[in-house]
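Single-structure report; data block below.
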Amino acid sequence: MKKIFVLFIFIMGVANLFAQDEITLHNGIVAKGKVVENEPAFVKFQYEGEDVSSTLGKIAIAQIKYGSGRIEECSQKVIINNPEKDFDKIQVLRDKEECTGLVRIQEFTEKSGGAWSLGTTQGKYQQKTLKKLQKKAASLGGCAILVTTQEGKGGSIFRMPEAQISAVVYKY
């Protein structure tokens, strides 16, 4: 009985040595290898047969299935049925590592501004500009925008408030 127990422990240990992690991306690709680091926004991963680590943004990852059998859900897939109504589903990202694993579509700049009033602030124009960017990304089939530059000017009696944001659109 003791020999059977030792054999069982040995087999489980050997099985764990060969157990692989699987990362399922939203585009359907399944990557096999080993998760080296798991951060809130990205995963460092070694592909099967490689010694170099690669980074994948969690926005591109549907789930991670660890060799132990545990499954971690990473992000919901952004599905745009109607770009005019679903544009707010577009993720707004600020860190380039979060985009790793996504496909770059296009870079563009949007601007918003208007007459100064007590109720209109630079922040409101920044939100308006982000919505413009999200709508454009939705119409291009994107799932996320990476903000690359953001500028703005507050309003006064002699100057109108404005906001200008440049972003890159990404898809799965």
Side-chain angles (χ1 to χ4, degrees), residues 21-33 35-47 50-64 72-117 119-156 158-172:
D21 301 328
E22 289 183 359
I23 294 180
T24 304
L25 302 175
H26 287 298
N27 64 9
I29 293 173
V30 177
K32 294 182 180 185
V35 173
V36 178
E37 191 176 334
N38 191 342
E39 296 293 327
F42 62 89
V43 172
K44 290 203 180 211
F45 185 75
Q46 282 183 332
Y47 286 95
E50 294 183 8
D51 294 331
V52 178
S53 294
S54 299
T55 301
L56 293 170
K58 283 198 174 174
I59 191 170
I61 302 172
Q63 72 175 18
I64 301 170
E72 177 185 345
E73 301 295 329
C74 290
S75 67
Q76 292 288 325
K77 186 172 185 176
V78 174
I79 299 172
I80 305 295
N81 295 317
N82 182 341
E84 287 297 315
K85 293 181 181 177
D86 296 339
F87 70 90
D88 59 337
K89 294 179 181 179
I90 300 292
Q91 302 270 337
V92 178
L93 309 174
R94 309 251 181 218
D95 184 352
K96 190 166 176 68
E97 281 194 316
E98 293 179 277
C99 303
T100 310
L102 298 175
V103 177
R104 180 188 174 114
I105 299 176
Q106 182 180 349
E107 183 173 358
F108 53 92
T109 301
E110 288 290 339
K111 190 176 188 179
S112 295
W116 180 81
S117 72
T120 306
T121 63
Q122 176 186 340
K124 286 187 181 181
Y125 285 114
Q126 287 177 341
Q127 290 300 318
K128 186 177 180 180
T129 306
L130 277 175
K131 284 185 180 186
K132 284 183 178 181
L133 290 167
Q134 287 175 301
K135 285 181 181 181
K136 189 153 194 166
S139 70
L140 294 171
C143 64
I145 58 172
L146 172 66
V147 174
T148 55
T149 62
Q150 185 169 337
E151 300 173 12
K153 297 177 187 170
S156 69
F158 304 107
R159 181 180 62 209
M160 291 191 256
E162 65 179 36
Q164 179 174 313
I165 302 173
S166 296
V168 179
V169 179
Y170 287 91
K171 68 178 183 175
Y172 296 117

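Note that the numbering runs from 1 along the sequence shown for the chain.
With rounding to the nearest 0.5 angstrom, the CD1 atom of I80 is 4.0 Å from the CD1 atom of I90. For the atom pair CD (E151) and CD (Q126), the distance works out to 10.5 Å, reported to the nearest 0.5 Å. Between the SG atom of C143 and the CD1 atom of I105 there is a distance of 7.5 Å, given to the nearest 0.5 Å. Distance check, rounded to the nearest 0.5 Å: CD of Q106 to NZ of K136 gives 6.0 Å. In this structure, CD on Q63 lies 13.0 Å from NZ on K58, to the nearest 0.5 angstrom. Rounded to the nearest 0.5 Å, atoms CD (E97) and OG1 (T55) are 5.0 Å apart.
The shortest distance between side-chain heavy atoms of Q164 and T129 does not fall below 4.5 Å. The shortest side-chain heavy-atom distance between F45 and I23 falls under the 4.5 Å cut-off. By the 4.5 Å heavy-atom criterion applied to side chains, F42 and I61 are not counted as neighbours. Residues H26 and S75 have side chains in contact (heavy-atom distance under 4.5 Å, counting atoms from C-beta outward). Side-chain contact check for N38 versus I64: some heavy-atom pair is nearer than 4.5 Å.
In this structure, K131 and F87 approach most closely via the heavy-atom pair CG-CE1, 3.9 Å. Listed here is the closest heavy atom pair of S54 and Y47: OG-CE1, 3.5 Å. Counting all heavy atoms, side chain and backbone alike, I59 lies closest to A144 at CD1-CB, 3.8 Å. When all heavy atoms of I145 and L130 are compared, the closest pair comes out as CD1-CD2, 4.4 Å. Closest approach of S53 and V36 over heavy atoms only: OG-CG2, 3.9 Å. Summarising the geometry of N81 relative to D86, their closest heavy-atom pair is N-OD2, 2.9 Å, with the distance given to 0.1 Å.
For CD of Q76, the number of neighbouring non-hydrogen atoms (other residues, nucleotides, ligands) closer than 6.0 Å is 12 at most. Within a 6.0 Å sphere centred on NZ of K111, heavy atoms belonging to other residues, nucleotides or ligands number 12 at most. More than 12 heavy atoms of other residues, nucleotides or ligands lie within 6.0 Å of NZ in K132, so this atom counts as buried by the packing criterion.
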Carefully, step by step, assess E110 and I165 under the rule side chain to side chain contact (heavy atoms under 4.5 Å, CB included).
CA-CA 6 Å; E110 288 290 339; I165 302 173; 5.9 Å; no
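A donor-acceptor pair under 3.5 Å is formed between the side chain of Y172 and the backbone N or O of V78. Of the possible polar contacts, one joining the Q46 side chain to the D51 backbone as a donor-acceptor pair under 3.5 Å is found. Using a distance-only test at 3.5 Å, with no hydrogens or angles considered, a donor-acceptor pair links the side chain of T148 to the main chain of S166.
A donor atom on one side chain and an acceptor atom on the other are not found under 3.5 Å apart for N27 and K171.
Applying the salt bridge (charged side-chain N to carboxylate O under 4.0 Å, His left out) test to E39 and every residue at least two apart in sequence or in another chain returns nothing.
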